[in-house]
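Heads up: numbering here begins at 1 and tracks the sequence.
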Amino acid sequence: MSLSNTAKEMLWIGSWNDLDEILSANNSLMLVAPDWSEMSLDDAQGMIQDHAYESQKVQFDRTYYRGKPALRLTFFGRD
């Protein structure tokens, strides 16, 4: 199902806010892409926005990467 442009924008803005809240509570988390590569906050935000325009929602998974606490982004389609 494809979302309207407004719904896509609301999706990525909401996801950016969720990411900001998570990082504000624990600013030592590394950010990890779905392929397990390290990424910057700007890269994560861009990836969230790109996937939102493909009608995909982000899921934030707390994990460990190279022995350090990390936040991995994964994406899935909208129902």
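- Clustering of Ile, Leu, Val, Met, Phe, Trp and Tyr side chains at separations under 4.5 Å places Leu19 together with Trp12, Ile13, Trp16, Ile22, Leu23, Leu29, Leu31, Met39, Leu41, Met47, Ile48, Tyr53, Val58, Phe60, Leu71, Leu73, Phe75.
- Applying the salt bridge (charged side-chain N to carboxylate O under 4.0 Å, His left out) rule to Glu9 yields no partners; only residues at least two apart in sequence or on another chain are considered.
- Judged purely by atom type and a 3.5 angstrom limit, Ser15 uses its side chain to pair as donor or acceptor with the backbone of Leu11.
- One distance of note links CD of Glu54 with NZ of Lys8; it measures 9.0 Å at 0.5 Å rounding.
- In this structure, a donor-acceptor pair under 3.5 Å is present between the side chains of Asp61 and Gln59.
- Taken from CD in Gln56 to OG1 in Thr74, the straight-line distance is 10.5 Å, to the nearest 0.5 Å.
- Residues Asp42 and Ser40 have side chains that never bring a donor and an acceptor to within less than 3.5 angstrom of each other.
- Residue pairs that meet the ring pair (Phe, Tyr, Trp, His ring centres under 6.0 Å) test with at least one member in residues 27-47, sequence neighbours left out, do not exist here.
- Taking each heavy atom of Tyr65 and Ala70 in turn, the nearest pair found is CB-CB, 3.8 Å.
- Judged purely by atom type and a 3.5 angstrom limit, Arg72 uses its side chain to pair as donor or acceptor with the backbone of Pro34.
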